[in-house]
Each structure stands twice: as structure tokens, then as C-alpha cells.
Amino acid sequence: MTDKKADAALKDPKNWREATRLIHGGTLRSQYGETSEALFLTQGFVYETAEAAEARFNGQDPGFVYSRYSNPTVAMFEERMCLLEGAEAGRATASGMAAVSAALLGQVKAGDHVVAARALFGSCLYVVEELLPRFGVASTLVDGADLAQWDAAARPETKVFFLESPTNPGLEVYDIKAISDIAHRHGARLVVDNVFASPIFQKPLQLGADCTVYSTTKHIDGQGRCLGGIILSSREFIDTHIHNFLRQTGPALSPFNAWVMLKSLETLPLRVNHQAASAARIADTLAEHPNVTRLIYPGRPDHPQAALIRRQMTGGGTIVTFEVPGGKAGAFAVSNALSIIKISNNLGDAKSIITHPATTTHQRLTPEARAKMGISDGLLRLSVGLEDPDDLIADLSHALAALAQPGLAAE
Ligand SMILES: *Cc1c(COP(=O)(O)O)cnc(C)c1O
């Protein structure tokens, strides 16, 4: 390569490795040459002349117009996320649910049909099962692991397949490549909610999905501060289905929250890799514990879908799900005996968090629906944080010992 060519190659963020993209990707510097990305906390933009305003509005001048449509800080966050995901285009939203809602609603009209895996985050399930049908968009829920069910559920009017993998809280994994092939064969597009895997360990677009959505509230903020979401896909998908929907309905991400997320991306690989290494150690420890009756972690060879996980994920993730004896009483006793690990419902945070799905995140489901998803009363979901893993293991061991005799019989 000539010097000039090598220089141009090094200046192109697409040639950078992931950690470098997450530090420098998408940066827009103002006239002050600031080191840290600027926070443009502004609703609008002023124009030198009326002619300049006209050119901005008719698209001849591609600058910013109004922060409901786009904003420099939000644009930096979107571009950095595109570089992380390998997406051509992305649009940030005020929350993960705004991203999910827009990604689904933007693609459908009355008479269309959506197929989704049954194991969905509660609000995602509401959008698919209750909201879409109210506007004449039928939906079918399938067992996401059963490829034949996806195929059988598709109809001529099916526009969208939707899934989360790994699932919450059972950490079941769905074959994104195979499901995207089925979707495409039926003329539908696959949307993947990639929150549980995180963008570090799974890249749905590269596996065949048409659109990835995130709640950036989780690993991407990673420090429990701001809500946010993002939709990532091809430019054509954004232009056709998303751009105008977001612009006119208005679930815009605050520039302040975009700035927090943008700075968080700098440390995302460090945090998520460390959390996953701790999660793997904790999973191995819990698997051996006499008071743990079931242990699920996608990074372990005993996960029922270990071969698929090796194909589509590059790490086991930051969440460990386990079951203790004694049903709800046992799960509550363990949760209440923890000191360092907090009882909450967030995940991906620097602080380790324990959740009892049956009485919190999945409380609204019927006992039968919970049973179908493998959510027993003794099941606990642990989001592993950035504390010293030895302290987390000590905390868990102490809490599990509170269950009195090892091997306590289930109720
Ligand atoms: C949290 C979460 C959402 C919703 O995100 P918000 O930012 O809370 O709106 C959607 N899907 C999954 C899998 C989540 O964990």
C-alpha cells in the first residue's frame, strides 16, 4: 500500500477494531476542538439567512433542523452504535420500548400479520399480543426454539418475525440464521431484540436479521442512569420504515441521555467482558452448590443449546439464572439474605442485581404461561455487575446457606 492509501485506510473507522470504534467512532468536533464529545443540549438550530433556512428545510443543505429529527450528540451516539453493530443506519429513541414499538409499528398496516417468539419481555409481549391487534395487525406467538412453528405460523400477509435471544429469564437461545431464512422465504423481515446478548457477544444483522433493537438502558448505559433505545439496520430499512415514523411521532432520545450513552460506549467491551467472566465463574460455583436445583448460563457446555450458542454468540453474557428449593419462600429467603447484590429489576448494570421473575417482571402472566416459559417460583435471575467476583460468590454462598440444610426438599 502507498503511504497515502495506508493513511486513508487508518482514517476510516470501518477499518478499526471494535474497541477503537467505540472510543473514536462517530465523533463530530465543534470549532473548539474539544477532546470529549460535546453535549449539544439544544432543541433547535439557527440559520445565518432565510435562504440558509430554506436550504436546510428542502434538504439541499444536510445540516440539523430540530432535535426531534436529529441532533449532533444523538447523531454521534447513533453512528458509534452503527459501527459497533455493523449497521448502515441507526435511529436512537427515548427508551428500549420506543425502539421496539417503532421497529414493529413502522413496518405494518391493518391487515398485516406478525409472528413472535412467546418468550418476550413483558412490554414487548403487550405490543405484539394486545396493541398491534387493536389496529388490525394480527399476531401469532410461537415457541421460538421450534423452527417448524415459525414456518407454520407465516401467512401471505406476514410482514415481521420478532424474537429475543437469549430469552428473559430462561436464557433459551433461538437460531437467528435459520429463523431469518424462514422469514425471508415468506417475504417477512426479522427483528431481533438483542438486549440479553449485548452487542459485544451477538451481532444479529451479521446472522441474517433485518433489524436489531436495543434497550440501551441496560449494558450500553451500564451504570443505571438513563433510559434509551436504538434501532439498527440497513439504510433502506430505516428510510422505508423508521425515519418518518420517528420524526412524526416523536419518541426522540434526549441529547443529554445520548451523551451519557455515547461516553458509556467507550468502556462497553471492558465492562461487558469483565461482567461475563464473573458470570461464568459464578455459574460454575452455583452449578456445584447443593442448594441450587437448576443452573442456566449460555457460556456453559451443559446449556441445552451449547452448539448453537457457539455458532451465533461469542460469549455467554452477563446473566445467570438459577433455581433454589422451597419455591417462592426459598427464592425470597436467598434474595433477602444478600448484602452486596441488590434486589431490583434492571440488568446489565455495574451493580449486581437479583430479580425474582415470578413476582416481579413476569407477575402479570398466568401461572400456566409462566410454567410454559420455565419460570418456576424458585427461579432467580442474576445480572452480574462489576464488583469483585470473589465478593459476589461470598455473598451468594452466604445467602444460599441461609436455606438451612443443603438439599432442602422442594415444597
Ligand atoms: C429492558 C428491556 C426492554 C425495554 O427497554 P426500556 O429501556 O426499559 O424501555 C425491551 N426488551 C428487553 C429484552 C429488555 O430487557
Side-chain angles (χ1 to χ4, degrees), residues 92-107 114-133 137 139-145 150 160-174 176 179 190-199 201-202 204 209 211-222 224 226-232 251 253 296 298 313 317-321 344-349 353-366 369-376 379-384:
T93 56
S95 69
M97 281 322 301
V100 170
S101 307
L104 297 180
L105 287 164
Q107 295 188 72
V114 171
V115 183
R118 186 174 292 109
L120 291 180
F121 182 78
S123 298
C124 297
L125 190 64
Y126 168 81
V127 170
V128 170
E129 209 179 17
E130 295 185 38
L131 186 67
L132 292 177
V137 179
S139 59
T140 306
L141 296 174
V142 298
D143 171 354
W150 289 99
V160 186
F161 278 21
F162 178 52
L163 64 85
E164 302 173 15
S165 179
T167 62
N168 171 29
L171 305 178
E172 199 180 5
V173 173
Y174 301 148
I176 294 172
I179 295 166
L190 175 63
V191 176
V192 174
D193 178 333
N194 204 39
V195 164
F196 269 61
S198 91
F201 296 133
Q202 183 167 272
C211 172
T212 307
V213 290
Y214 288 103
S215 164
T216 62
T217 311
K218 312 293 166 54
H219 300 91
I220 290 168
D221 175 299
C226 298
L227 298 182
I230 196 159
I231 302 170
L232 298 156
L253 181 64
I296 315 162
M313 295 178 71
T318 65
I319 316 284
V320 177
T321 296
S344 187
N345 42 269
N346 197 12
L347 61 98
D349 199 284
I353 287 169
I354 195 123
T355 309
H356 184 241
T359 54
T360 60
T361 52
H362 293 71
Q363 185 196 131
R364 282 189 313 141
L365 296 184
T366 61
R370 279 199 294 274
K372 231 175 171 172
M373 289 173 66
I375 305 171
S376 66
L379 201 73
L380 290 165
R381 183 189 82 191
L382 174 66
S383 168
V384 178

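Both backbone and side-chain heavy atoms feed into the values below; hydrogens, waters and symmetry mates do not. In this chain, numbering begins with 1 at the start of the sequence shown.
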Cut-off 3.5 Å, no hydrogens considered: what does the side-chain donor-acceptor table look like for residues 94-102, sequence neighbours left out?
unit_1: Ser95; atom_1: OG; unit_2: Met97; atom_2: N; d: 3.4
unit_1: Ser95; atom_1: OG; unit_2: Ala98; atom_2: N; d: 3.1
unit_1: Ser101; atom_1: OG; unit_2: Met97; atom_2: O; d: 2.7

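Within the 4.5 Å cutoff, no side-chain heavy atoms of Leu253 are placed close to those of Cys226. Looking only at side-chain heavy atoms (C-beta outward), Phe196 and Thr318 stay at 4.5 Å or farther from each other. Contact annotation: the side chain of Leu382 never approaches that of Ile319 to less than 4.5 Å [non-hydrogen atoms, C-beta and beyond].
Using modelled atom types, one side-chain atom of Thr321 and one backbone atom of Pro169 make a donor-acceptor pair closer than 3.5 Å. Of the possible polar contacts, one joining the Glu164 side chain to the Phe121 backbone as a donor-acceptor pair under 3.5 Å is found.
For the atom pair CZ (Arg118) and CD (Glu129), the distance works out to 9.0 Å, reported to the nearest 0.5 Å. Note: Leu105 CG to Leu131 CG = 6.0 Å, rounded to the nearest 0.5 Å. Atom-to-atom distance recorded for Leu125:CG and Glu130:CD is 8.0 Å, nearest 0.5 angstrom. Separating the OG1 atom in Thr355 from the CG atom in Asn346 is a distance of 8.5 Å, to the nearest 0.5 Å. Annotation: the span from Asn345 atom CG to Arg381 atom CZ amounts to 7.5 Å, rounded to 0.5 Å. The distance from the CG atom of Leu227 to the OG1 atom of Thr216 is 8.5 Å, given to the nearest 0.5 Å.
By the side chain to side chain contact (heavy atoms under 4.5 Å, CB included) test, Ala116 is found to be paired with Leu120, Val128, Leu141, Phe162, residues two or more places apart in sequence or in another chain being considered. In this structure, the ring-ring contact (aromatic ring centres under 6.0 Å, His included) partners of Phe161, at least two apart in sequence or on a different chain, are Trp150. Partners of Thr359 according to the side chain to side chain contact (heavy atoms under 4.5 Å, CB included) rule, which considers only residues two or more places apart in sequence or in another chain, are Lys328, Phe332, His356. For Asp349, there are no side-chain hydrogen bond (donor to acceptor under 3.5 Å, both in side chains) partners, not counting sequence neighbours. Listed by chain and number, the residues in a side-chain hydrogen bond (donor to acceptor under 3.5 Å, both in side chains) with Thr361 amount to none (sequence neighbours excluded). Taking the side-chain hydrogen bond (donor to acceptor under 3.5 Å, both in side chains) definition, one finds that Thr212 meets it with Glu85, sequence neighbours left out. Qualifying side chain to side chain contact (heavy atoms under 4.5 Å, CB included) partners for Ala371, counting only residues two or more places apart in sequence or in other chains: none. Every residue meeting the side chain to side chain contact (heavy atoms under 4.5 Å, CB included) condition with Ser376, not counting sequence neighbours, appears here in chain and number order: Glu323, Leu379. For Asp221, the salt bridge (Lys or Arg N to Asp or Glu O under 4.0 Å) partners are Arg225, not counting sequence neighbours. Residues meeting the side-chain hydrogen bond (donor to acceptor under 3.5 Å, both in side chains) test with Ser383, sequence neighbours left out: none.
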Show your working on side chain to side chain contact (heavy atoms under 4.5 Å, CB included) between Val191 and Val160 and close with a plain yes or no. CA-CA 7 Å; Val191 176; Val160 186; 3.9 Å; yes

Test side chain to side chain contact (heavy atoms under 4.5 Å, CB included) applied to Val137 and Val114, step by step: CA-CA 7 Å; Val137 179; Val114 171; 3.9 Å; yes

Determine whether Ile179 and Leu163 satisfy the following criterion, side chain to side chain contact (heavy atoms under 4.5 Å, CB included), listing intermediate values before the conclusion. CA-CA 9 Å; Ile179 295 166; Leu163 64 85; 3.7 Å; yes

Which is it for His362 and Leu365 under the side chain to side chain contact (heavy atoms under 4.5 Å, CB included) test, yes or no, and what are the steps along the way? CA-CA 6 Å; His362 293 71; Leu365 296 184; 3.8 Å; yes

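Residues Val192 and Ala209 approach most closely at CG2-CB, 3.8 Å, considering heavy atoms. Of all the heavy atoms in Gln202 and Met313, the pair that sits closest is OE1-CG, 3.1 Å. Taking each heavy atom of Ala119 and Tyr174 in turn, the nearest pair found is CB-OH, 3.6 Å. Between His219 and Ser198, the shortest heavy-atom contact is ND1-CB, 3.9 Å. Across all their heavy atoms, Ala103 and Val213 have their closest contact at CB-CG1, 3.7 Å. Nearest heavy atom pair, residue Gly228 against residue Thr217, reads N-OG1, 3.1 Å.
For the side-chain contact (heavy atoms from CB on, under 4.5 Å) test with Val195, the passing option among Cys124, Pro166, Ser215 is Ser215; the others fail.
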